[in-house]
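Proteins get letters first, then strands, A, B, ... in listed order; numbering begins at 1 in each.
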Amino acid sequence: MAQVRVRFAPSPTGSLHVGGARTALFNWLFARHHGGRMVLRIEDTDRSRSREESARGILEGMRWLELDWDEGPERGGDYGPYYQSQRLPVYREYLHRLEEAGAVYPCYCTPEELAARREEARRAGRPPRYDGRCRALSRQERSDREGRGIEPVLRLRVPAAGATVVDDLIRGSVSFENAVLDDFILWKSDGMPTYNFACVVDDAAMRISHVVRAEEHLSNTPKQLLLYAVLGEEPPRFAHVPMILAPDRSKLSKRHGATSLEEFRQQGFLPQAMVNYLALLGWSPDGVTEKMDRGFMVAHFDLGRVTHNAAVYDVQKLTWLNAIYLREMAVAALARAVTPFLRRAGLIPEELAGPQQEYLERVVGLLRERAHTLEELAALADYFFRPVEGYDEKGVRKHFRGEGAAELLAAVRERLAGAEEFTAAALEAAFSDLAAARGVPRGALIHPVRLAVTGRTMGPGLFELLELLGRERVLDRLARAQRWLEENVV
RNA sequence: GGCCCCAUGGUCUAGAGGCCUAGGACACCACUCUUUCAAGGUGGUAACCCGGGUUCGAAUCCCGGUGGGGUCACCA
């Protein structure tokens, strides 16, 4: 295969959503697999909808997933600029070629007229296509309209006969009758190219070898192929990847919960898990492997193994993968990753001193296997950073009930106050002793103490937890729980 | 509505005519481990959309139907 050059070409009209991210990932995997180049191009030809801020968000999302690009914004490259809004001269040049060839003509129909005709056609059950009425306007008719101050759009003369065949790397060959295509617009009246034109010009000018994009573009492809033909350019290979659908099988939108990468990030998903999950949506290396690192994905990625059917994304599976990555991460890295979540929850200050950093790592080490997301991890950690503010209701009924509870906590407290060492091993021995002395099972001690010290009925092993909390806080919390029990008859 | 794509459990998928008594994973349900929770282990429920062909033989090939999706913008 000649030099592989792929591109991811988002339009900056919103944040990077899962579908876009998956397309970016497939492009990236394909490029890396073939030792090719990944081009990032921002398609901002819609002046009213494009936002600088969206473009930044998209780049940020790509960086978060560690999908690097070889050419594009902030990196430059030999085929720039990489913002379509800055490529007007290029489009004009290609447009000129089409004009020379007599392949385009001006159309003076207003958007309102066109919309009205479309609506009418739809009501009459006819396909809503442009009828070509401006195709054969005389010079006189044209200058009349220009005289009235109408800025025309430019349309392509599409042949009425024949068929255009898309040879798709994923779907095989797909044929479209040219008769169903209409004379689509290449150049808008505001002086900007349309998507279909800009896209073809750029892919040709940037020497893109493979266009890997979402299936919604499949029906645009014959139009683009027609353009390559009149331009005399060799078209790239196409690969249309299936759509990602919401759980109700409709097109993904905001009302389906998290759909933008940024939201997943804020919910505490890790980029490694995200990439792994996205790769599994529509592709599988062998039907068995679920967890894979980048190296594996790059080594095995194959467009021929991309599925043909749309996929529904499933947060539960993402969550499962995320938990695996959470557990496998180095504690230091994990501590760094949860930090923003702990701050947001008001559990830690802006700056952490050295010993606090070490403490945080130990906390994280204790809780990591109980959390599925960073957000959840932060929530589970609250009692390590602030006093217990209340006791779990069910826990109270179960473990704080009866006359003996306060007395029992007092006994434990006394015992722990006198313990020589405050280590998990020593604490465990102390609990065993005390339980034996009182003739009760250890659980009878463990559960009330956990509730007293953490406010919860669940969590890490009690002894590790007590050691980490330290004698002072443990004794203090036991005393507080005793007082609470005296004030609240259960 | 026209055109195009697609069709294996609730979800993601393996399957390129006999290896399929349809495999894996998430989720779910049991049991197990256990100081709780989580993780882990074991087991279980659950699918080839329907109808015709082709073939000795079809989840796999063909046709039709049905269903879902996409697209028909001076959006990309």
For [N], the Watson-Crick or wobble counterpart (both distances under 3.5 Å):
{"N": "B/rC72", "answer": "B/rG1"}
{"N": "B/rA25", "answer": "B/rU11"}
{"N": "B/rG57", "answer": "none"}
{"N": "B/rA39", "answer": "none"}
{"N": "B/rA16", "answer": "none"}
{"N": "B/rA46", "answer": "none"}
{"N": "B/rG67", "answer": "B/rC6"}

Starting the side chain at C-beta, find the nucleotide from [options] nearest to [X].
{"X": "A/E215", "options": "B/rG70, B/rC5, B/rC37", "value": "B/rC5"}
{"X": "A/S11", "options": "B/rU11, B/rA39, B/rA76", "value": "B/rA76"}
{"X": "A/L281", "options": "B/rA76, B/rG70, B/rC12", "value": "B/rC12"}
{"X": "A/R450", "options": "B/rU35, B/rU71, B/rU11", "value": "B/rU35"}
{"X": "A/P128", "options": "B/rC72, B/rA76, B/rU13", "value": "B/rC72"}
{"X": "A/L218", "options": "B/rC4, B/rG40, B/rU8", "value": "B/rC4"}
{"X": "A/I446", "options": "B/rU35, B/rU13, B/rC6", "value": "B/rU35"}
{"X": "A/W320", "options": "B/rC74, B/rC26, B/rG70", "value": "B/rC26"}
{"X": "A/R305", "options": "B/rC4, B/rA14, B/rC74", "value": "B/rA14"}
{"X": "A/R171", "options": "B/rC6, B/rU11, B/rC75", "value": "B/rC6"}

With a 4.0 Å cut-off on heavy atoms, is [X] in touch with a base, just the backbone sugar-phosphate, or nothing at all?
{"X": "A/P460", "result": "base"}
{"X": "A/S175", "result": "sugar-phosphate"}
{"X": "A/Q316", "result": "sugar-phosphate"}
{"X": "A/V174", "result": "sugar-phosphate"}
{"X": "A/T45", "result": "sugar-phosphate"}
{"X": "A/F463", "result": "base"}
{"X": "A/G395", "result": "nothing"}

Spacing of the P atoms in B/rU54 and B/rA46 (rounded, Å)
34 Å
If we take the C1' atom in both B/rA59 and B/rA22, what is their distance in whole Å?
8 Å
If the cut-off is 4.0 Å, is [X] near the phosphate of [N], judged by side-chain N/O to OP1 or OP2?
{"X": "A/T307", "N": "B/rU13", "result": "yes"}
{"X": "A/N220", "N": "B/rC72", "result": "no"}
{"X": "A/H308", "N": "B/rC6", "result": "yes"}
{"X": "A/R249", "N": "B/rC12", "result": "yes"}
{"X": "A/K398", "N": "B/rU36", "result": "no"}
{"X": "A/H217", "N": "B/rC4", "result": "no"}
{"X": "A/K291", "N": "B/rC26", "result": "no"}
{"X": "A/R126", "N": "B/rG2", "result": "no"}
{"X": "A/S284", "N": "B/rA14", "result": "yes"}

Indicate, yes or no, whether a donor-acceptor pair under 3.5 Å links the base of B/rC37 to the side chain of A/R370.
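Answer is yes: a donor-acceptor pair is held.
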Is A/E216 side chain donor-acceptor paired with the B/rG69 base, going by distance under 3.5 Å alone?
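No, no donor-acceptor pair under 3.5 Å.
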Atom-to-atom span, [atom1] of [X] to [atom2] of [N] - whole angstrom:
{"X": "A/K317", "N": "B/rG10", "atom1": "NZ", "atom2": "C1'", "value": "13 Å"}
{"X": "A/Y195", "N": "B/rA76", "atom1": "OH", "atom2": "C1'", "value": "6 Å"}
{"X": "A/M292", "N": "B/rG24", "atom1": "CE", "atom2": "P", "value": "18 Å"}
{"X": "A/F238", "N": "B/rG70", "atom1": "CZ", "atom2": "C1'", "value": "17 Å"}
{"X": "A/F176", "N": "B/rG70", "atom1": "CZ", "atom2": "C1'", "value": "10 Å"}
{"X": "A/E112", "N": "B/rA73", "atom1": "CD", "atom2": "C1'", "value": "13 Å"}

Of A/L326, A/V275, A/N276, which meets side chain to side chain contact (heavy atoms under 4.5 Å, CB included) against A/L321?
A/N276
Any side-chain donor paired with an acceptor under 3.5 Å for A/E146 and A/Y108?
yes
Just checking, is any N or O donor in the side chain of A/T319 or A/Q316 under 3.5 Å from an acceptor N or O on the other one?
no
Does [X] make a cation-pi contact with [Y], if we ask for NZ or CZ under 6.0 Å from the ring centre and within 45° of the axis?
{"X": "A/K291", "Y": "A/Y325", "answer": "yes"}
{"X": "A/R155", "Y": "A/Y130", "answer": "yes"}
{"X": "A/R22", "Y": "A/F26", "answer": "yes"}

Side chain to side chain, A/L261 and A/S15, heavy atoms closer than 4.5 Å
no
Close side-chain approach of A/L409 to A/F400, heavy-atom, < 4.5 Å:
yes
Of A/Y277 and A/T457, the one whose closest nucleotide on RNA chain B sits nearer the 5' end is A/Y277
If you assign A/K251 and A/L462 each to the RNA chain B nucleotide with the nearest heavy atom, which residue ends up on the more 5' nucleotide?
A/L462
Does A/F264 have its ring centroid less than 6.0 Å away from the ring centroid of A/H17?
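No.
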